[in-house]
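Worksheet for the structure shown next.
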Amino acid sequence: MDFSPTQEQAALKESARRLCERDYGFEQRRHRMRGAEGFSRDLWKTFADLGWLGAGLSEDDFGYGGGPVETALLQEEFGRVLLVEPYLSCAIIAARAIVALGDPPQKETLLAPLVAGEKLIALAHNEAAMRGDDAAVRTEAKRTTDGWRLSGRKTFVLGGSSADILLVSARTPGGVTLFEVPASAAGLEVTAYHAVDGRRVADLVLTDVAVSDATRIGPEGGALPGIELAVDHGVIALMAECVGAMDAALWLTRDYLSTRKQFGVTLNTFQALQHRMADMLVETELARSMLLRGIAALSDPDPQARRAGVSAAKVQIAEAAVKVTGEAIQMHGGIGVTEEYVVGHFYKRAVLARGLFGSIDLHLERFAAWSRKAVA
Amino acid sequence: MNFDLDPADAAFQAEMRAFIRQALPADIARRGRQGFHATHDDVQTWMRILNARGLAAVHWPRQYGGTDWSPLRRHLFQVELRAAGAPVPDQAALELVGPVIYTFGDEVQKARYLPAILNADTFWCQGFSEPNSGSDLASLKTSAVRDGDHYLVNGQKTWTSEAHKADMMFALVRTDGEARPQAGISFLLIDMKSPGVSVRPIYTINEGLSVNEVFLDNVRVPAENLVGDENRGWGYAKFLLTNERTMSAETPHTAFDLEQVKQIAAVEMRGGRPLIEDPLFAARLARFEIELRALETAVLRVLHMGDNDPALNATASVLKLRGSELRQRIADLAVEALGDHGLAVFPDVEGQDNMDVLAPVPPAPDYAAGWLSRMMFRRATTIYGGANEIQRTIIAKSVLGL
Ligand SMILES: Cc1cc2nc3c(=O)[nH]c(=O)nc-3n(C[C@H](O)[C@H](O)[C@H](O)COP(=O)(O)OP(=O)(O)OC[C@H]3O[C@@H](n4cnc5c(N)ncnc54)[C@H](O)[C@@H]3O)c2cc1C
């Protein structure tokens, strides 16, 4: 075992930290969020130029030879500054779905422009009734003479509002199938709105959207394992964001308590607060360890073991993130609940991370089911 | 001991329920159930309906327009108001400054301000906190210097709830800079339209507008607006803060929320069954309801204690502490019950000016709106009205004698 990053990994993290510090101040972020798309295309181009959009992909998959460690390092830095660009949805989740399910020509036509920052792609899998159960797809695809017709609703699609291409999962006779649908397709209606943490998300209504069979990514009825793998990568990447957000909230609060004075002394002199800061540190450190365990789980060849490992990371890290960032607000007092100060926004991201891709309850169940089997 | 509600009280409660159901306009009730901050118009409309029936401030003494209801009946009325989704009235006026005026004010002040509060003609805000005086309120610096028959007020207040809608502010100001901090403070009523008063909005993390900064720049306040005696304001402020001790548990509000969460959990499905039948969720909901029951009973006990009851201090001290935590937890459960819809931002009608563009409304059932906003705003329940750390210090010192 060796828990230390390689030189390249350390350099990647360092360059992400530098860029975020320079270009991702809280005011700059706010400005970008208020733009039409809710994020910066220029910055996206920079990410492409720096190779970040392919940082987690092998060279065969048009990336730069990295994997989930690389994306987690980036995501942790992005979590510190509460990035709103669609990195998670496009460069991780959609990319992973294509890697898992696409054939070589599809990889070339989708992954190459994705990595180059020329195309935004989003996985449109989630539905309101799903609540983390990836198999519960209700959107339907019906066979036609020359292809398929898709009908149904997708909700809370990350990155869905700006995507050029949507990877839509649908139920077909054989099971769940994935289709490539251009955002401009006739019969596709996209409604964008804001998620709690400032990201843009979208609901899709598909009414008899016609696609050819060539748009099918992966086997008919056999897309679920690939989708689950892509979602698992997404969960771990989101947990990496949480670790960054927690760590940033922790030290910001430490600094605030060291300067804010009440009763003639700085707040850091009150032991009641010191102990709670110590607990915040404990939670953050355990989350950091659990993240590594979660990254390791992604390469487990047994899908159930992999999912259980991802669930474990989600439970431990997301709950800790909500707790730590909530405490950070509390210890700031009134300023903590304002829109114009950053600390409350860490909490918002943690709340999103806890709720996305299935509740804590779902992940507890998933882990327990796997753990039970190991006994029997 | 007898744990039953007296038949007369039960009948009273039923009567109030029927009255509210008939009197509360349906559109106001609907917005109330969605949980955004009530609009000025809704509050005013509803207060005037109540006032016409003599029910605007049931906890005030009868001579000032209140009732002579028992503390229990006042509480039951609150329970029914919240259960119906009635808008929360101007609490700064009804709970805070009103009682100070009828207890310490002069006759002119009583006649001028109290009826206007009852009829929601005048809205109030509380100007206590300052940028450098939050938990340590007694260190406040806003100064009021006597100048003939006026005070000249200079300084800054912050976190002032509803200042942007308020007609009047009751403020703590320093009138003696030499005395011990608590001994140099006075209680002053300031017309928000006075020259030199400016209000800057502070948007909160629910993207709504309820708190503000208030700048006071050479504001001339008539000396007749001083309540009680100069330099005795700290005592009035302490009276005001303890006056709201049972209110601060907010159990009627939380009970109303719990009912709503149960209804949401009965419709929202997970794993093929309603969430309310999901053992993990149901267990947490049950745990919550049990804890609320304990707190509700604590509230009822406090309501039945005399002011000199030796147990009062200990029992009353838990109300704000645990009550504020339950406010947060029920909103958290609601957001969880809502699944994806719980994580979407619904624009708050009152807060939209925060956005350069109007935030779009996410496609979702009616009951989903407002809960995320509540969850976010309620991070403040453990901060305002004396942060929970300060409440714990009070328990440790004044109850436990540590
Ligand atoms: C939504 C909202 C509405 C409000 N409305 C009003 C209003 O209408 N009028 C008004 O006057 N004020 C209002 N307030 C202000 C509120 O009363 C203050 O925010 C509160 O008193 C805390 O002060 P502070 O924000 O300066 O935090 P600080 O006093 O700076 O405290 C920061 C943190 O340190 C902790 N702390 C401080 N001292 C100690 C100690 N000795 N030991 C341990 N911990 C300590 C606090 O508990 C808190 O967690 C409002 C606040 C909010 C958030």
Side-chain angles (χ1 to χ4, degrees), chain A residues 34-36 126-133 136 153 155-156 191-198 200-203 205 260-264 267 270 272-273 276 322 326 329-341 343-345 347-348 351-352 354-356 358-362 364-365, chain B residues 129 132-136 138-139 158-159 202-208 211 268-272 275 278-281 284 328 332 335-347 351 354-357 359-364 372 375-380 382-384 387-389 392-393:
Chain A
R34 289 179 172 211
N126 185 54
E127 300 179 12
M130 216 174 241
R131 286 181 172 260
D133 177 4
R153 279 171 181 274
T155 49
F156 218 87
T191 308
Y193 52 94
H194 302 235
V196 51
D197 69 335
R200 296 284 168 92
V201 294
D203 279 15
V205 179
R260 169 75 175 168
K261 274 191 177 171
Q262 287 291 277
F263 305 100
L267 294 177
F270 298 125
L273 300 183
R276 280 165 56 188
V322 171
I329 292 179
Q330 180 68 23
M331 285 192 247
H332 273 80
I335 185 129
V337 297
T338 62
E339 187 73 17
E340 54 204 68
Y341 185 70
V343 78
H345 296 264
Y347 177 72
K348 291 186 175 193
V351 167
L352 180 95
R354 185 183 59 177
L356 214 56
S359 63
I360 296 294
D361 285 354
L362 173 119
L364 283 171
E365 278 171 359
Chain B
S129 304
N132 292 314
S133 305
S135 297
D136 182 14
S139 68
T158 192
W159 312 123
I202 305 175
Y203 290 94
T204 42
I205 54 173
N206 55 328
E207 293 171 20
V211 293
E268 289 285 330
M269 309 280 286
R270 184 170 88 79
L275 209 51
D278 174 338
L280 291 175
F281 189 82
R284 261 176 306 132
Q328 295 178 342
D332 208 332
V335 163
E336 190 193 325
L338 287 166
D340 295 334
H341 300 316
L343 303 173
V345 173
F346 291 79
N354 185 25
M355 299 286 158
D356 291 345
V357 284
V361 181
L372 178 69
M375 177 186 177
M376 289 300 147
F377 188 75
R378 286 184 195 170
R379 295 320 301 178
T382 50
I383 295 170
Y384 59 57
N388 281 15
E389 290 73 22
R392 287 194 175 86
T393 302

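The figures here come from the full heavy-atom set of this structure, side chains too, leaving out hydrogens, waters and symmetry mates. Throughout, a chain's letter reflects where its sequence line sits, starting with A, and its residues are numbered from 1.
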Report which part of A:Ala128 has an atom under 4.5 Å of a heavy atom belonging to chain B: side chain, backbone, both, or neither. both
Between B:Asp332 and A:Arg354, is the closest basic N to carboxylate O distance under 4.0 Å? yes
Rounded to the nearest 0.5 Å, how far does CZ of B:Arg284 lie from CG of A:Asp361? 4.0 Å
Between A:Ile329, A:Ile360, A:Leu364, A:Val201, which shows the greatest number of heavy-atom pairs under 4.5 Å with chain B? A:Ile329
Considering only heavy atoms and a distance below 4.5 Å, find which of A:Ala192, A:Gly132, A:Gly334, A:Gly344 pairs most often with chain B. A:Gly334
Test your reading of the model: is there a side-chain donor-acceptor pair from A:Gln262 to the backbone of B:Ser135, 3.5 Å cut-off? yes
Euclidean distance, B:Asp340 CG relative to A:Arg131 CZ, rounded to 0.5 Å: 7.5 Å
How many angstroms lie between CD in B:Glu389 and CZ in A:Arg276, if you round to the nearest 0.5 Å? 4.5 Å
Heavy-atom contact with chain B under 4.5 Å, split by part of A:Asp197: neither
B:Ile205 CD1 to A:His345 NE2 distance, which is reported to the nearest 0.5 Å: 7.5 Å
Heavy-atom cut-off 4.5 Å, strictly under: side chain, backbone, both or neither for A:Leu273 against chain B? side chain
Check whether B:Glu336 reaches the backbone of A:Ser359 with its side chain - one donor and one acceptor, N or O, closer than 3.5 Å. no
Residue pair A:Val351 / B:Met376, side-chain heavy-atom distance below 4.5 Å: yes
